[in-house]
Peer 1: 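What follows is a structure written as structure tokens; I'll ask about it next.
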Number of protein chains: 2
Amino acid sequence: MGAVDVTRKSALGRPRSFDADEALGRAMVVFWEQGYEGASLTDLTSAMGITKTSMYAAFGNKEELFRKALRRYAEGPASYVAEALARPTALEVVEAFLTGAVETSTRPGCPAGCLSVQGSLAAGEAGRPARDVLIAWREECRAYLRDRFRRAVDEGDLPPDTDPELLARYVMTVANGIAVQAAGGAGRDELRQVADLAMRNWQPVR
Amino acid sequence: MGAVDVTRKSALGRPRSFDADEALGRAMVVFWEQGYEGASLTDLTSAMGITKTSMYAAFGNKEELFRKALRRYAEGPASYVAEALARPTALEVVEAFLTGAVETSTRPGCPAGCLSVQGSLAAGEAGRPARDVLIAWREECRAYLRDRFRRAVDEGDLPPDTDPELLARYVMTVANGIAVQAAGGAGRDELRQVADLAMRNWQPVR
DNA sequence: CAACTTCAGTACCGTTCGGTACCGAACAAT
DNA sequence: ATTGTTCGGTACCGAACGGTACTGAAGTTG
């Protein structure tokens, strides 16, 4: 949550008559549902309730709008990531992470799946920058998990022969798979079970 | 492999001067790499080495070309699915399935990832039919796994309290996650480890 | 009020999209 | 040889793309 910095250069002139934060939220949903390339400016601006001109003035261009929408996604629907990382034990981290992935990917009233996965996996020339941003974001997320597991090893929370790198990649893999499943129509309860199954035997992980 | 049915209406007239099978293979790679919407007709036909006119005459239109490319993908790079399902035990099925997913998603000289996952997760209006075809394909794949696990339960190969539906969804989830990871640049060895980890404790599955 | 700035909107930019009409040439069957 | 069909290639279609110039109105500051 919180106001997104839209960097108004001055306080002069006629003030903006739409809520930039609200508009960004609408754009986020469109990107979430249709991906970067699949979301046209017409789709975006009509969902945002503003004209193309206003969008360009407020957000720069389509790519910047996407970046800001992603930031907002990270702070909003995907805030479960940061919350999960703050849990006291590694087991709880994984539990919260996968639970968050399931719930965010299957939230009623929101698009099914995860923006960072379906926003752009494959892309033509035009969508490549957006794809790279999403790859970087997922990498960052994985690095956080890895660091968290390293700490857990140091603290004796995980067995000393645990491979934090591998464990982080495994958890990310399951989370990404959950997003794909959700995009394909899988329901929350079914994915909840999948997440449980993925964790059930996680303790003996070495 | 095998000739793709391109349905020549008659033997009359000048024969085709390009190899339709070869051309379809090239198109498959482009779709694999760029997705349905991301692959333009120009991208496709220039990779296929033919003109737009020839493409339309031979394959119908972009959507049909995609369908045929998907069929070819299923018979070629994704043939590991059928092979895995034919293994004698459920454990071997899962092993072969996940190994195949890793190898196909990280094959040198081929696009990273899985066509059915990144071909179209999210889509604008134009890409929706392609997306639905891919969803159906993944569903079909999952149903095959489920049926195979049901059989394994009947045969006593899996514990009688196993949930084949859940197990199939779990395996598909991991496979899909692997494809996403591969599309994000993960290497074969790393994903190989992830697949091992996903299977390591699979035996006590109930 | 006057000066300025930004508003929302329209019309339009050049480009690319998927898809077609038409072409003369090439080949097969009669 | 004639007829019929398809070839590969060019030129083009209307529509949609991302993005911009220009407009008169609206609002803030001096």
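A, B, ... follow the sequence lines: proteins, then strands. Residue 1 opens every chain. Treat the numbers as computed from the prediction; the structure is a model and nothing was measured. Worth knowing before you read on, the calculation uses all heavy atoms, side chains too, and leaves out hydrogens, waters and symmetry mates.
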Peer 1: For every nucleotide of nucleotides 11-21 of chain C, 5' to 3': is a protein heavy atom under 4.0 Å from its base (B), only from its sugar-phosphate (S), or from neither (-)?
Peer 2: ------SSBBB

Peer 1: Relative to the ring of Phe66(A), is the ring of Phe31(A) parallel (under 30°), tilted (30 to 60°) or perpendicular (over 60°)?
Peer 2: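 Correct class here is perpendicular.
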
Peer 1: Quick one: do Arg151(A) and Glu155(A) make a salt bridge, cutoff under 4.0 Å?
Peer 2: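 Looking at Glu155(A) together with Arg151(A), the answer is yes, because their closest N to O distance falls below 4.0 Å.
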
Peer 1: Using a strict 4.0 Å threshold on nitrogen-to-oxygen distance, state whether Arg142(A) and Glu165(A) make a salt bridge.
Peer 2: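 Here Arg142(A) pairs with Glu165(A) in a salt bridge, since their nearest N and O are under 4.0 Å apart.
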
Peer 1: For Phe31(A) and dG18(D), give me the distance from atom CZ to atom C1', rounded to whole Å.
Peer 2: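 These atoms are roughly 12 Å apart.
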
Peer 1: List in chain and number order the residues that pass side chain to side chain contact (heavy atoms under 4.5 Å, CB included) with Thr53(A), two or more places apart in sequence or in another chain; answer none if no residue qualifies.
Peer 2: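 Expected list: Thr51(A).
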
Peer 1: Given the ring of Tyr144(A), does Arg146(A) sit roughly above its face, with NZ or CZ under 6.0 Å from the centre of the six-membered ring and within 45° of the axis?
Peer 2: no

